Number of protein chains: 2
Amino acid sequence: MATVPPAHLTPRKRPRQARATVTVDAIFEATIQVLLADGPNRLTTTRVAQRAGVSVGTMYQYFPHKQALLYALNERYLEIVAEKVERACEAQHGASIGQMVDALVGAYWEAKTVRSDVTRALYRSAVELDTESLIEAFGRRVDAATAAMLASAADADFADPSVVNTTLLTAIFGAVRSVFERNLPSALGGEVRGQLVVMCRSYLEAVKKEPERAAPGGPATANRTVIDDAG
Amino acid sequence: MATVPPAHLTPRKRPRQARATVTVDAIFEATIQVLLADGPNRLTTTRVAQRAGVSVGTMYQYFPHKQALLYALNERYLEIVAEKVERACEAQHGASIGQMVDALVGAYWEAKTVRSDVTRALYRSAVELDTESLIEAFGRRVDAATAAMLASAADADFADPSVVNTTLLTAIFGAVRSVFERNLPSALGGEVRGQLVVMCRSYLEAVKKEPERAAPGGPATANRTVIDDAG
DNA sequence: ACCTGAACACCGTTCAAGT
DNA sequence: ACCTGAACACCGTTCAAGT
């Protein structure tokens, strides 16, 4: 169903005893700390192990290599974000598209902002091709949640719901990342967040099918032309 | 005026003789090739030097360290993108906001897509804090170009042009990056591109000041509430 | 079952020597 | 002015030995 993570990135073994769980948690915590304090370039296995209070060898019992560690860290993080978004979407079933957009942007923004330092550190830790499968899985999961939500909207109906949904998410994911990446001052960030809601709302209004009277001119056609192109 | 790049990332010296220029170009070219073929993790100085047909020592004459090399590569690339966007914006002065959005999204999308493999490789090569200054400078430059363009619009006027402009760019930059990152099939990517235009257009329509009659209800208020919050 | 840390291969960076 | 490549410090990863 969902994409299986590449085998070489899977943890070598799962902790079975209590002290092992403690060890693994300590390693995760240490990784975040080193990432924040020293940046991804100075994130060395020895440094992480030292900070976690274990030997390198111990680390390699659970993670086959450094990349697997960062992979697991991102996985853990995306799991939390995905859950929050899913919950927010479920809570909006049957609501208006305006409320849906509010809730969706709000939940995603909030999830990324609670620990904005961690978010930024993780955005940068994502080296090498292999996070693609993670991000894809995350994207598909959120796609499903928002698609179901939009399909239940009380006040709108879309000609090509899947494209509309993907566009919406692409814009939201991207805008949020862009704010982090450009390191906008938080006041400006807040304004952009509000404007992002306005943007998504007006987009959905523009592409929704008119309920009664067909309006051949006007903004609704902008939608049709695009969809037609793709056949 | 613009942010000065961090001193430690500046090339050590500029090529003076013809053969030196050839050397530097070869190094850049080799870097891209290694990046594409082996990924950022296997991008080693020796490998780049070998592919460029020079010794490591030579590389270090022009770039104080590996990061400086990647920094210069990104710089070179963003320079090209910025120029294309600037030209597109200038060409639209006095046009309608609809045309502006078309041209802006078109130019940016095109610039990123001509060599989508290079674009993706560079998105991933941007490790460590130090690309922030590059991205900031790039952002400010494009900000200026689009702000001037929007200010000249024949059919619209905005209460807070700077926030509107930042939001627009944040969404466009982000959406494009998101498409690359999620590795959407190019057909779907094309559809998203078209929808992105629709989204930006309807956003600008929603936040523009009404020319004559003040409409206290309706979509225009969504704009006002947000701006007011930020005081 | 879990942990240790010396040992090995490899990478980033330097610098004395060459044209 | 530009180029070379052996040399050094450090990092990722392993594995024999310990509890």
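Just so you know, these numbers come straight off a predicted model, no measurement behind them. Below, chain A is the first sequence line, B the second, and so on; all start at residue 1.
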Begin with the C-alpha distance, continue with both residues' side-chain angles, and end with the deciding distance and a verdict on salt bridge (Lys or Arg N to Asp or Glu O under 4.0 Å) for A:Asp25 and A:Arg76. CA-CA 11 Å; A:Asp25 282 344; A:Arg76 227 181 169 217; 3.5 Å; yes

Between atom CZ in A:Arg47 and atom P in D:dC11, what is the gap in whole Å? 6 Å

Whole angstroms only, please: what is the CD-P distance between A:Gln50 and D:dG12? 13 Å

B:Thr46 vs C:dC10: side-chain N/O to OP1/OP2 distance below 4.0 Å: no

Closest approach of A:Val179 to A:Gly189 (non-hydrogen atoms, all atoms of both residues): CG1-CA, 4.3 Å

Could you state the atom-to-atom distance from CZ of A:Phe63 to P of D:dT13 in whole Å? 13 Å

Rounded distance (Å) that lies between atom P of D:dC11 and atom CD of A:Gln67: 18 Å

Heavy atoms from C-beta onward define the side chain here; which of C:dG12, D:dG12, C:dC2 lies closest to that of A:Gln61? C:dC2

When we call it a touch if two heavy atoms are under 4.0 Å apart, what does B:Val54 touch: a base, just sugar-phosphate, or nothing? sugar-phosphate

What is the distance, to the nearest angstrom, from the CG atom on B:Leu70 to the P atom on C:dG12? 10 Å

From the set C:dG12, D:dT4, C:dG5, return the single nucleotide nearest to any side-chain atom of A:Ser55. C:dG5

Need the pair for C:dG5. Rule: Watson-Crick or G-U wobble, both distances under 3.5 Å, any strand; none if unpaired. D:dC15

Taking any heavy-atom pair under 4.0 Å as a contact, classify B:Leu69: base, sugar-phosphate, or nothing. nothing

Output the single nucleotide from D:dC3, C:dG12, C:dG5 whose closest atom is nearest the side chain of B:Tyr62. D:dC3

May I ask you to evaluate whether B:Thr23 reaches the phosphate of D:dC3, defined as a side-chain N or O under 4.0 Å from OP1 or OP2? yes

Assess whether side-chain hydrogen bond (donor to acceptor under 3.5 Å, both in side chains) is satisfied between A:Thr23 and A:Tyr62, documenting all intermediate values. CA-CA 10 Å; A:Thr23 301; A:Tyr62 299 101; 5.4 Å; no

4.5 Å side-chain heavy-atom contact, B:Phe63 and B:Ile27: yes

Determine, stepwise, if the pair B:Tyr77 / B:Phe28 fulfils ring pair (Phe, Tyr, Trp, His ring centres under 6.0 Å). CA-CA 11 Å; B:Tyr77 171 80; B:Phe28 276 132; over 10 Å; no

Does B:Tyr60 have a side-chain nitrogen or oxygen under 4.0 Å from the phosphate oxygens OP1 or OP2 of C:dT13? yes

As its Watson-Crick or G-U partner within any shown strand, both distances under 3.5 Å, D:dC10 has none

Rounded off to whole Å, could you give me the NZ-to-C1' distance for the B:Lys66 and D:dC10 pair? 14 Å

A:Met59 CE to C:dC2 C1', in whole Å, measures 16 Å

Could you state the CG-P distance from A:Asn41 to D:dG12, rounded to the nearest angstrom? 11 Å

How do A:Gly57 and A:Leu43 order along DNA chain D: which one's closest nucleotide is nearer the 5' end? A:Leu43

Name the nucleic acid region contacted by B:Thr58, choosing base, sugar-phosphate or nothing; use a 4.0 angstrom heavy-atom cut-off, strictly under. base

